[in-house]
Amino acid sequence: MRKKIIIKRFDPESAEDSYLQAYNVDIAQNATVLEVLLSIKEEHDGSLTFRRSCGSAVCGSCAVTVNGVAILACHTQLSTVNWGEKDIHIEPLGNMPVIKDLVVNFHPFWHEIEKTMPWIEPKEEGERENVVTQEEAQLIDESANCIMCGSCFGDCTIRETDDNFMGPAALAKGWRFAGDTRDSLQQERLELLSEDGNMWDCTRCNLCIDRCPKEVRPMDQIIKLREEAVKAGITDNKGVRHVMAFQADIKNHGKLNETTMPLKTVGVLRSLGMIPMALRMQMKGKVPFPILKDIEGIEDVKKIYKIMGVEE
Amino acid sequence: MKYAYYPGCAAEAILKEADETTRIVANTLGIELLDMKNATCCGAGCLNEANKELAVTINARIFAIAEGMGVNILTSCSTCLQTMAKINHDLKNDPDLLARTNEVLKEVGMHYSGKVEITHLLWVLERDYGVEKLRKMVKRPLNMLSIASFYGCHTLRPGEILGYEDPRAPKSLDMVMKALGANTVDYRGKTRCCGFHTLLVNERASLKAAGKRIQEAKDKSADCMVTPCPLCEISLDVYQGEAEKLFQRKTQMPIFYLSQLVALALGADIDSLSFKKHLVSPHKVISAVMEESRV
C-alpha cells in the first residue's frame, strides 16, 4: 500500500517556523506508525527526528499525534488509523514545547508528576509488614500501569487551555499513592490535590481514557480522588461545593436548580461578576424561575437519602 | 417506537428549546415519548463524586420507572446518556451491587431487574428511525448549509460502555445532517470537549475550550455548528461572546441543538423552534434555508 504521510517538522537551528513535509511511502499491511517513521528515516530523510526505544509499548518513548489523536507509534498499526484526515498527518505530542520534529520537551509533564510526591511515605513500623489485601491493591492497580508516555497529557482538554492544570497522568499518579494503604500521607496528598488546578479542574471529557495505551484510565482515577477527598472532609473548594449542590438539589426537588447553582458553587462575590452574563441570558429567556416545582414522588427520593444515611 | 423520555435538567430549564423541538421531531416522525414525571436528575456525574452508592440508587430508581413502563429510556442530553449508561453498565455487570440497590428501592416499593437500555435521540434518529426514512420526510432541505457536527464527549466516550460508534471516527451526526440535505464540514475539534463541565470551577479554561472548538469549525468555513447535547449548546452559544473576548476574535458562529435543525428540515413552524433565544443570532442561516425552500 502506498500512502501519503505528512509530517510536521521543526528544526531549532533554522530560522523557519515548523512546516509540513510530505512523503509517499510504501507501507506493509501490518506496519506500525513507528515502522513507517523508521522507514522514512532510513529510506527518505535521515534528518527526521523522533524518540523510540523498546518498540513493545513498554518504555513509553514514542508517543506522537496522528490525525489529531495521541498514540504510541509502536503500538498502533497505520492501517487502523481510520480517524481524521484522509492522508496521515504525524505531529509531535501537544501541550509541550517541541525540541525538534517529533521530539517534545517533557519538562512540563515531569514537573506535574513531581508535584504529586510520587513515592510512599511508610506508616510507622509495626511488629510486622503492612499487608495489602487484593481488594486494596485493585483500587490502585490501573494507576500503577502508567508508562509515562504523555499521550493523555498531550491531548488533555484542560491542559490545552490552562498551563496550571496538573493533567491526567500526574493526577492518576496522585491516586496511585493516595490510594495506597501502606502510605501515611493520604490526607496531605488529598489536600494538595484538591487545590486549584488539580483534581477538580478536570472537565470529564474522557479523552485521557481513550488515549491511554495501558488502560490506566486516568479520568477514572481522578474521580476516585474526588470521592476520597469528599469522604476525607476536604470540602472547602468550588469543585466539592458544586457536587454537593447536586446532592442537595436532587434531595430537595428531584432536579437541579440551575439558577442557584452558580451561587452555591462559586459563592456570592464571584456570582456578582456573573450578573451581566445572567442579564443577557435573561433577555433571551434562558434564566429559569428560581423556585422549582418538585418532581412527583419526591418523598420517595428523600426516603432513599434517609435510608442511605445521606443528610444533604 | 416508544420510549420513556428523559430530557434532563438543562432541557427543562435553561435550554427548553432542546425539549420542545425534540417533542416536535418525535411527533412528526411518529416516535412516542412517554413522560417520566417522577424521574429525578441523574446527577450528571457530579452526584457520583459526592456519594457513589447514592448516585447508583438514584439512577436505578429512574431505570425502575422505565422498566415499570415497559420501555427503554431516550434522552436528549449527552451527559445524562453517559451518566445513566455507566451506572446501568455497573448494575448489569455487578449482581451484588444490583441486589444492594434493590434492597433500598424495595423500601419505596420499586425494583430494577437490569433490563432497561439507555439511548440518545441522535442514535434513535440515525439507527432506529433510520436516515433513509428521515431523508424522505424532509420538507425544507438544508442544502444551502455547510454544517460542522460537534459530537462532544458524552455520546462517544467511554467507547467500551457507550459502544454506539467509533469515538475517534464518529459518523452519526454527520449522517443525520446529510439526510437533511446539508453538507458537513470535517474538522479536528468535532470529537473534543466544549468545556462545559469545568465552567463553574475553572471558567477561563472552559471558555477557551469552547472558543477553540468554534474557531476550529470557523477555520473550515462552517456556516453553523450542531450538537446533540444541550450542555454543549450552552457552552458554545451562550458563552461564545465571552470566548470571543478571551481570544479577541469574533466568531459569531450560530450553534444549534440537534432537534432544532431536524425540526426545521421537517418543515416545523419556524416560530416553534426558539431561534430567537440564541445568544449568537442564527438569523442569516435560517433565512438562507427558508429562502431556498421557497424557491
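Sequence lines set the chain letters: A, B, ... in the order given, protein chains first and strands last, and positions in each chain run from 1. It should be emphasised that the depicted structure is a prediction, and the values quoted were computed from it without experimental measurement.
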Do A/E258 and A/K286 meet the salt-bridge criterion of a basic N to acidic O distance under 4.0 Å? no
Please classify the contact between A/D155 and chain B as side chain, backbone, both or neither, with a heavy-atom cut-off of under 4.5 Å. both
At a heavy-atom separation under 4.5 Å, does B/D186 approach chain A through its side chain, its backbone, both, or neither? side chain
Is the shortest heavy-atom distance from the side chain of B/I73 to the side chain of B/M84 under 4.5 Å? yes
Is there a donor-acceptor contact under 3.5 Å linking the side chains of B/Y6 and B/D35? no
Which of A/G239, A/G254, A/G285 touches chain B most, by non-hydrogen pairs under 4.5 Å: A/G254
Are B/K52 and A/E227 close enough that some pair of their side-chain heavy atoms sits under 4.5 Å apart? yes
Output the option from A/T157, A/D162, A/N257, A/D201 having the highest count of non-hydrogen pairs under 4.5 Å with chain B. A/D201
Identify which of B/P158, B/G211, B/G195 forms the greatest number of heavy-atom pairs closer than 4.5 Å to chain A. B/P158
Greatest number of non-hydrogen atom pairs under 4.5 angstrom with chain A, of B/C193, B/A209, B/C42, B/S274, falls to B/C193
Would you mind telling me which of B/K16, B/E17, B/E242 has the largest number of heavy-atom pairs within less than 4.5 Å of chain A? B/E242
Donor + acceptor pair across side chains of A/H253, A/D294 (<3.5 Å): yes
Heavy-atom cut-off 4.5 Å, strictly under: side chain, backbone, both or neither for B/L105 against chain A? side chain
Answer with side chain, backbone, both or neither: which region of A/M277 has an atom nearer than 4.5 Å to a non-hydrogen atom of chain B? side chain
For salt bridge (charged side-chain N to carboxylate O under 4.0 Å, His left out), just list the numbers for B/R188 and A/E91, CA-CA rounded to whole Å, side-chain angles, deciding distance to a tenth of an Å, and then say yes or no. CA-CA 13 Å; B/R188 282 200 176 172; A/E91 296 163 34; 3.0 Å; yes
Which one wins on heavy-atom pair count under 4.5 Å against chain B: A/I209, A/V266, A/I304, A/V81? A/I304
Tell me, for B/K86 versus chain A, whether the close heavy atoms (under 4.5 Å) come from the side chain, the backbone, both or neither. side chain
So which part of B/E103 gets closer than 4.5 Å to some heavy atom of chain A, the side chain, the backbone, both or neither? neither
When the 4.5 angstrom heavy-atom criterion is applied to A/K303 and chain B, the contacting part is side chain
Using 4.0 Å as the upper bound for N to carboxylate O, is an ion pair formed by B/E216 and B/K190? no
Does any heavy atom of chain A fall under 4.5 Å from the side chain of B/N48, the backbone, both, or neither of them? backbone
Taking side chain as everything from C-beta outward and backbone as N, CA, C, O, which of these in B/H278 sits under 4.5 Å from a heavy atom of chain A? Side chain, backbone, both or neither. backbone
Sort out for me which residue in A/D236, A/T235, A/T265 forms a side-chain hydrogen bond (donor to acceptor under 3.5 Å, both in side chains) with A/R241. A/D236
Okay, A/R159 and chain B: the region with an atom under 4.5 Å from a heavy atom over there is neither
Under 4.5 Å from any heavy atom of chain B - which part of A/V243: both
Electrostatic pair A/K264-A/D249, nearest N-O below 4.0 angstrom: yes
Cut-off 4.5 Å, heavy atoms of chain A, and the answer for B/I58 is side chain
Student check: side-chain heavy atoms of A/F165 and A/F153 closer than 4.5 Å: no
With B/Y239 via side-chain hydrogen bond (donor to acceptor under 3.5 Å, both in side chains) - residues at least two apart: none
Does any backbone or side-chain atom of B/K212 lie under 4.5 Å from a heavy atom of chain A? Answer side chain, backbone, both or neither. side chain
Counting C-beta onward and ignoring hydrogens, is there a side-chain heavy-atom pair between B/Q240 and B/L279 closer than 4.5 Å? no
Any Lys/Arg nitrogen of A/K238 or A/D196 sitting under 4.0 Å from an Asp/Glu carboxylate oxygen of the other? no
State whether a side-chain donor-acceptor pair under 3.5 Å links B/T79 with B/H154. yes
Proximity breakdown for B/L15 and chain A, heavy-atom pairs closer than 4.5 Å: side chain
Among B/R204, B/H197, B/E203, residue most engaged with chain A (heavy-atom pairs, under 4.5 Å): B/H197
What part of A/L207 is in contact with chain B, defined as an atom under 4.5 angstrom from a non-hydrogen atom: side chain, backbone, both or neither? both
Looking only at B/C46, B/P167, B/C194, B/C153, the option with the highest number of non-hydrogen pairs under 4.5 Å against chain A is B/C46
Test item: B/T191 and B/R157 side chains (from C-beta on) under 4.5 Å apart, heavy atoms: yes
Where on B/A55 is there a heavy atom nearer than 4.5 Å to chain A: the side chain, the backbone, both, or neither? neither
In terms of heavy-atom pairs under 4.5 Å with chain A, which of B/G159, B/G8, B/G45 leads? B/G45
Between A/E299, A/E85, A/M261, A/M274, who has the most heavy-atom pairs with chain B when the cutoff is under 4.5 Å? A/E85
Looking at B/K106 and A/D300, is there a salt bridge between them, counting it only when a charged N and a carboxylate O are closer than 4.0 Å? no
Relative to chain B, which segment of A/V287 carries a heavy atom at a distance below 4.5 Å: side chain, backbone, both, or neither? neither
Mind ranking A/E160, A/H242, A/K255, A/M281 by heavy-atom pairs under 4.5 Å with chain B and telling me who comes out on top? A/E160
Under 4.5 Å from a heavy atom of chain B, the part of A/R217 involved: side chain
The interface call for B/K277 against chain A, heavy-atom contacts under 4.5 Å, is both
Got a salt bridge between B/E53 and B/R100, using NZ or NE/NH1/NH2 to carboxylate O under 4.0 Å? yes
